[in-house]
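What you see is a predicted model; the values in this text were computed from it and never measured. Below, read A as the first sequence line, B as the second, and so on, with proteins coming before strands; counting in each chain starts at 1.
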Number of protein chains: 2
Amino acid sequence: MKQKILVVDDEPEAVELVEFNLKQAGYAVSTATDGVEALKKARAQTPDMILLDVMLPEMDGFEICKTLRLETSTARTPILMLTAKASEIDRVLGLELGADDYLTKPFSPRELLLRIKKILGRGVVEEKSRDQLRYGDLMIDVPRHVASWKGKGIELTATEFKLLTTLAQRTGRVQSRDSLLRDVWEYDSLIDTRTVDTHMRRLREKLGPAAKHLDTVRGVGYRFVE
Amino acid sequence: MKQKILVVDDEPEAVELVEFNLKQAGYAVSTATDGVEALKKARAQTPDMILLDVMLPEMDGFEICKTLRLETSTARTPILMLTAKASEIDRVLGLELGADDYLTKPFSPRELLLRIKKILGRGVVEEKSRDQLRYGDLMIDVPRHVASWKGKGIELTATEFKLLTTLAQRTGRVQSRDSLLRDVWEYDSLIDTRTVDTHMRRLREKLGPAAKHLDTVRGVGYRFVE
DNA sequence: CAGGAATGTGACGAATACGTGACATCCCCT
DNA sequence: AGGGGATGTCACGTATTCGTCACATTCCTG
């Protein structure tokens with residue numbers, strides 16, 4: 001199964017060159033030359049990776065990147081940004097945009113392939129998800145100990161943060177109060193299980209709209225949903 | 001830690017000139033004047049980058065480049081090719097050879113350094129951070145053991161300086177007291193002590209306004225923020 | 001629809017973690 | 001030896017955070 005890469009650039013020659021090299025290297029390639037087309041194809045084809053030029057007519061790369069991050073179907077698709085200016089790099093890789101890597105133009109085919117392999121080759125989604133989790137507008141950065149909603153930080157206490165990450169790291173799976181006590185509190189049940197409920201409440205309060213990710217499963221426990 | 005560059009050229013004068021310039025610029029340089037020697041040194045020294053002339057007796061630059069790419073220890077080492085003919089460029093940069101960049105002779109030292117920086121300067125965020133860190137008005141020069149605020153020096157003790165750099169080198173990431181004890185004090189013991197806190201206080205006092213970079217994350221540890 | 005169980009909510013005392021000042025010890029320098 | 005700075009430890013005060021309980025609400029079951 002070939003991996004699909006979507007190439008977005010407004011210069012047909014540039015697209016062609018990249019396309020040729022990527023196909024040589026065994027990837028399936030689709031292309032777009034403007035922002036609207038890019039978004040459409042990204043949604044329809046769910047590529048394994050997107051190569052995105054910053055300079056585009058109308059909707060620029062930053063806009064597209066942001067939009068892609070907000071939509072669940074593409075929120076976790078790795079994005080490799082092509083940019084001309086070193087000054088943009090911080091912004092590209094930062095929390096606001098959250099691209100996975102960047103390349104400054106001009107670049108050699110070899111450089112390009114190295115970057116792509118670096119991202120695709122190692123099953124990044126999982127790798128990265130241990131450090132930084134993203135679900136639509138909700139971002140959780142474990143080592144930084146920061147959670148944010150639409151780029152705005154959410155202040156959480158240590159316990160709340162751990163509870164959130166414990167749930168998020170096993171997205172979709174219901175976790176009983178007991179198992180949460182074990183994982184978050186590291187107790188063997190010296191603690192009232194209602195404590196979990198209380199902390200879930202506090203967590204929900206602080207998360208605000210993002211609390212929609214926190215599901216109560218009656219009679220069983222809690223679960224994080226996308 | 002200086003970055004090592006291997007210079008390969010069969011003309012001793014050319015080698016000397018390049019070597020001089022690179023050393024001036026702060027790189028560690030080793031040289032080779034023929035293909036066999038080049039391969040040997042590349043394997044043995046694992047340089048951070050190889051400067052490779054195409055015109056060489058016996059084994060030419062193309063051969064060497066190919067060979068280097070095939071061997072795992074050198075497959076990812078950036079290669080900058082020096083070539084006389086524009087017609088060779090495509091081949092040099094193409095997938096077959098996979099050099100990272102090229103320079104046509106003759107070139108000025110300035111051009112050379114620019115190319116090298118472009119290639120080496122890329123993944124270097126971490127590398128660089130070991131030498132000099134800058135966050136707004138706060139500057140930390142690790143090898144010189146100097147910190148300053150708005151150009152004015154801040155006198156720090158050895159421990160305070162190490163604590164600061166340890167935090168700053170992992171900007172954004174929260175570090176627990178335990179991990180700080182390990183990294184700064186090189187303790188293994190997990191004794192519950194307020195030592196870290198005390199030093200944080202002293203550090204904050206001395207940093208004055210710059211102390212805003214030092215964040216306490218309750219229940220977790222400390223963190224350096226920009 | 002009623003009743004019970006499970007969960008959400010609000011409040012409060014207890015526990016905890018952190019900042020701070022003080023102090024003893026160590027080490028280097030004169 | 002003496003002095004001064006650096007370092008590690010301790011005790012204490014305070015603000016935050018935690019765990020628990022009582023009560024309200026919701027949901028399921030019969």
Side-chain angles (χ1 to χ4, degrees), chain A residues 145-147 153-167 174-225, chain B residues 145-147 153-167 174-225:
Chain A
H145 214 269
V146 164
I154 305 171
E155 292 208 357
L156 299 177
T157 70
T159 316
E160 286 157 5
F161 189 81
K162 198 160 183 199
L163 178 58
L164 177 60
T165 54
T166 301
L167 286 165
V174 182
Q175 299 185 67
S176 69
R177 291 174 175 70
D178 281 344
S179 90
L180 286 172
L181 277 176
R182 241 188 303 106
D183 294 345
V184 178
W185 280 262
E186 288 160 17
Y187 288 5
D188 280 334
S189 77
L190 301 167
I191 288 193
D192 190 345
T193 50
R194 295 310 309 279
T195 298
V196 178
D197 299 54
T198 299
H199 278 274
M200 282 300 294
R201 169 172 53 93
R202 290 172 182 154
L203 190 51
R204 282 171 166 155
E205 269 174 17
K206 293 193 183 174
L207 287 186
K212 69 182 178 192
H213 290 291
L214 300 178
D215 238 5
T216 303
V217 181
R218 204 184 167 77
V220 187
Y222 295 96
R223 145 180 81 187
F224 190 100
V225 295
Chain B
H145 213 271
V146 164
I154 304 170
E155 292 209 355
L156 298 177
T157 70
T159 314
E160 286 156 6
F161 189 80
K162 197 160 183 200
L163 178 58
L164 178 59
T165 53
T166 300
L167 286 165
V174 179
Q175 299 184 66
S176 69
R177 289 174 175 70
D178 281 350
S179 91
L180 287 172
L181 275 176
R182 240 188 304 106
D183 294 346
V184 178
W185 281 264
E186 287 160 18
Y187 279 10
D188 284 333
S189 50
L190 303 176
I191 345 159
D192 177 37
T193 285
R194 315 231 31 74
T195 299
V196 178
D197 300 57
T198 301
H199 279 272
M200 283 299 293
R201 169 171 52 95
R202 290 170 183 157
L203 187 52
R204 280 171 167 155
E205 272 172 15
K206 293 193 182 175
L207 287 186
K212 69 182 179 193
H213 290 292
L214 300 178
D215 235 4
T216 303
V217 181
R218 194 171 227 279
V220 187
Y222 294 97
R223 146 180 78 191
F224 190 100
V225 296

Nearest-Å distance for atom pair [atom1]/[atom2], residues [X] and [N]:
X         : N       : atom1 : atom2 : answer
Glu205(B) : dA6(D)  : CD    : C1'   : 14 Å
Phe161(B) : dG5(D)  : CZ    : P     : 21 Å
Asp197(A) : dC23(D) : CG    : C1'   : 14 Å
His199(A) : dC21(D) : NE2   : P     : 14 Å
Met200(B) : dC18(C) : CE    : P     : 11 Å
Arg194(B) : dT7(D)  : CZ    : C1'   : 16 Å
Lys206(A) : dG8(C)  : NZ    : P     : 18 Å
Glu160(A) : dT16(D) : CD    : P     : 14 Å

Assign [X] to base, sugar-phosphate, or nothing according to its heavy-atom contacts below 4.0 angstrom with the strands shown.
X         : value
Thr195(B) : base
Val196(A) : nothing
Arg202(A) : base

Under 4.0 Å from OP1 or OP2 of [N]: is there any side-chain N or O of [X] that close?
X         : N       : answer
Thr157(B) : dT7(D)  : yes
Thr159(A) : dT17(D) : no
Trp185(A) : dG19(D) : yes
Tyr222(A) : dG8(C)  : yes
Thr216(B) : dC18(C) : no
Arg177(B) : dA17(C) : no

Open item on the list: Please evaluate residues Gln175(A) and Leu167(A) with respect to the criterion side-chain contact (heavy atoms from CB on, under 4.5 Å), reporting the C-alpha separation (whole Å), side-chain torsions for both, the decisive distance (0.1 Å), and the verdict.
Closed with: CA-CA 7 Å; Gln175(A) 299 185 67; Leu167(A) 286 165; 3.8 Å; yes

Open item on the list: Under 3.5 Å, is there any donor-acceptor pair linking the side chain of Arg218(A) to the base of dC27(D)?
Closed with: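 Checked by distance alone, the answer is yes.
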
TODO: Establish whether the base of dG8(C) is bridged to the side chain of Arg204(A) by a donor-acceptor pair shorter than 3.5 Å.
DONE: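 A donor-acceptor contact between them is absent.
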
TODO: Would you mind checking if Asp197(B) and Arg177(B) are paired as a salt bridge, meaning a charged N to carboxylate O distance below 4.0 Å?
DONE: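 Yes, this pair counts.
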
- [ ] Fit a plane to each ring of His199(A) and Trp185(A), take the angle between them on a 0 to 90° scale, and name the class: parallel (under 30°), tilted (30 to 60°) or perpendicular (over 60°).
- [x]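 Because their plane-to-plane angle is over 60°, the rings of His199(A) and Trp185(A) count as perpendicular.
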
TODO: Over all heavy atoms of both residues, which pair between Arg204(B) and Leu214(B) is shortest? Give the atoms and the distance, please.
DONE: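 Minimum heavy-atom separation between Arg204(B) and Leu214(B): NH2-O, 3.4 Å.
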
- [ ] Using heavy atoms to find the nearest nucleotide of DNA chain C for Thr198(B) and Gly219(B) separately, return the residue whose nucleotide is more 5′.
- [x]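 The residue closer to the strand's 5' end, by nearest nucleotide, is Gly219(B).
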
Task: Test item: Val217(A) and Tyr222(A) side chains (from C-beta on) under 4.5 Å apart, heavy atoms - done: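 A side-chain contact under 4.5 Å is absent here.
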
